[in-house]
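All figures in this text were calculated on a predicted structure; none of them were measured in a lab.
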Amino acid sequence: MKLTRRLTLAAFAGALALGTAMPAFSADLIAIITPAHDNPFFKAEAVGAEAKAKELGYEALVMTHDDDANKQSEVIDTAIGRGAKAIILDNAGADATVAAVKKAKDAGIPSFLIDREINATGVAAAQIVSNNYQGAQLGAQEFVKQMGEKGNYVELVGKESDTNAGIRSQGYHDVIDDYPDLKLVAKQSANWSQTEAYAKMETILQANPDIKGVISGNDTMAMGAIAALQAAGRKDVIVVGFDGSNDVRDSIKAGGIKATVLQPAYAQAQMAVQQADAYIKNKTTPKEEKQLMDCVLITAANADKLETFALKN
């Protein structure tokens, strides 16, 4: 699905500066639904959205679906039952979510999606996502550089039902595959999980002791991979992640993980709330449903500026 609008972090900062609307009545409710908060990326989304909602005068109902489409349907039912004016949603599956978002729309409640797309248009009021392909290419270019353009490597892929997992993998390979001396020896899904990535990395390392690098679909899996590598005494393996978490920032600064790609979770969630606010007050919808926010490469050179999925000035 083609995404037609691109927003840089600078452009978003400018948008935030364009005045603040009058506060809503305290009875107005915005539901904020994300995957589980044990992943710091999703927690940052929820915290950012809740802070902006309260700043604009709304009550915030924060819920999680744990990447379970059935639970997602239940919490959306809760939002509908509570009379939410809008739903901010990081969804539980590109296909499985369509019916749930349509159910909310039919109840008169617009959904503003963040981070992950769904496989339908005209159902959500907005889909605000990171430019995952652009970000993956940034990460892959740094990976190639760190690898010296040669060596055996492993790819850890995210949850297969998540569109982002496939887009990031494609972005990686559209760069890395141009280097014939870089050889993919294992590609496995660790479902965005640190624990699963640790276990998968242990097994992969036993079968492929000569690996030189690991490129990961997110930071949580990268943290699992680096932990398994360090436990095996393999501090020589290049690891690159994707998200821009504080944990990976600290690993980069300590000489562990070599790079990650920042996607602005906090800013993205706040932008969704602002668009929901405009809809609630004035029935204003975004000019484009699909909106992209560019990603930023994080290395040892700029890791000090990274804080909670945002770059400090």
Strictly distance-based, threshold 3.5 Å: is any side-chain N or O of [X] a donor or acceptor partner for the main-chain N or O of [Y]?
X      : Y      : answer
Gln127 : Ile118 : yes
Asp277 : Ala272 : no
Asn246 : Thr308 : yes
Asn132 : Ser130 : yes
Glu117 : Thr163 : no
Ser216 : Ala222 : yes
Asn191 : Ser193 : no
Asn208 : Ile211 : no
Thr299 : Ala301 : yes

Derivation of the side chain to side chain contact (heavy atoms under 4.5 Å, CB included) call for Ile30 and Glu50:
CA-CA 9 Å; Ile30 291 179; Glu50 182 178 17; over 6 Å; no

Under the rule for ring-ring contact (aromatic ring centres under 6.0 Å, His included), what residues qualify as partners of Phe143, not counting sequence neighbours?
Tyr153

Shortest non-hydrogen contact from [X] toward [Y]:
X      : Y      : result
Ala36  : Asp66  : CB-OD1, 3.3 Å
Gly256 : Ile226 : C-CD1, 4.1 Å
Ala126 : Pro286 : CB-CG, 3.9 Å
Tyr266 : Ala51  : OH-CB, 3.9 Å
Val273 : Ala49  : CG2-O, 3.5 Å
Glu196 : Ser189 : OE2-O, 3.7 Å

Close side-chain approach of [X] and [Y], heavy atoms under 4.5 Å:
X      : Y      : answer
Lys290 : Thr121 : yes
Met201 : Met221 : no
Ile114 : Ile88  : yes
Thr220 : Trp192 : no
Leu205 : Arg234 : yes
Phe309 : Ser245 : yes
Ile128 : Leu113 : no
Leu61  : Ile32  : no

Would you mind telling me which of Val129, Asp90, Thr34 makes a side chain to side chain contact (heavy atoms under 4.5 Å, CB included) with Asp115?
Asp90

Residue from Val157, Val261, Asn218 passing side chain to side chain contact (heavy atoms under 4.5 Å, CB included) with Arg168
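Exactly one candidate clears the test, Asn218.
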
Pairs in or reaching into residues 251-261: which pass side-chain hydrogen bond (donor to acceptor under 3.5 Å, both in side chains), with residues at least two apart or in two chains?
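Output for this query lists Asp219-Thr260, Lys253-Asp304.
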
What pairs of residues pass the side-chain hydrogen bond (donor to acceptor under 3.5 Å, both in side chains) test when at least one of them lies in residues 93-109, not counting sequence neighbours?
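Output for this query lists Gln72-Thr97, Ser73-Lys103, Asp77-Lys103, Asn91-Thr97, Asp95-Asn119, Lys102-Asp106.
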
I'd like to know whether Lys212 forms a salt bridge (charged side-chain N to carboxylate O under 4.0 Å, His left out) with Asp210, so could you lay out the CA-CA distance, the side-chain angles of the two residues, the decisive distance to 0.1 Å, and finally the verdict.
CA-CA 6 Å; Lys212 185 180 175 183; Asp210 60 344; over 6 Å; no

Please determine whether side chain to side chain contact (heavy atoms under 4.5 Å, CB included) holds for the pair Ile238 and Val214, giving the CA-CA distance in whole Å, both sets of side-chain angles, and the decisive distance to 0.1 Å.
CA-CA 6 Å; Ile238 303 298; Val214 178; over 6 Å; no

Looking at [X] and [Y], does any basic side-chain N land under 4.0 Å from a carboxylate oxygen?
X      : Y      : answer
Lys183 : Asp181 : no
Glu74  : Lys71  : no
Arg116 : Asp67  : yes
Glu307 : Arg249 : yes

Cluster check [X], [Y]: I/L/V/M/F/W/Y, side chain < 4.5 angstrom:
X      : Y      : result
Phe41  : Val296 : yes
Leu311 : Leu297 : no
Ile167 : Val240 : no
Phe112 : Tyr58  : yes
Met293 : Phe242 : no

Rounded to the nearest 0.5 Å, how far apart are [atom1] of [X] and [atom2] of [Y]?
X      : Y      : atom1 : atom2 : answer
Glu149 : Asp178 : CD    : CG    : 10.5 Å
Leu262 : Asn302 : CG    : CG    : 9.0 Å
Asp247 : Asp243 : CG    : CG    : 11.0 Å
Glu202 : Leu229 : CD    : CG    : 10.0 Å

Does either side chain, that of [X] or that of [Y], offer a donor lying less than 3.5 Å from an acceptor on the other one?
X      : Y      : answer
Gln291 : Gln275 : yes
Glu142 : Gln146 : yes
Tyr172 : Asp177 : no

For [X], does the [atom1] atom sit with more than 12 other heavy atoms under 6.0 Å from it, leaving out its own atoms?
X      : atom1 : value
Lys312 : NZ    : yes
Lys43  : NZ    : no
Lys187 : NZ    : yes

Report the C-alpha distance between Ile176 and Val144 in whole Å, list the side-chain angles of each, state the deciding distance to 0.1 Å, and finish with yes or no for side chain to side chain contact (heavy atoms under 4.5 Å, CB included).
CA-CA 7 Å; Ile176 297 171; Val144 169; 4.1 Å; yes

Can you check side chain to side chain contact (heavy atoms under 4.5 Å, CB included) on Gln134 and Gln137, steps first, answer last?
CA-CA 5 Å; Gln134 169 260 352; Gln137 290 201 308; 5.9 Å; no

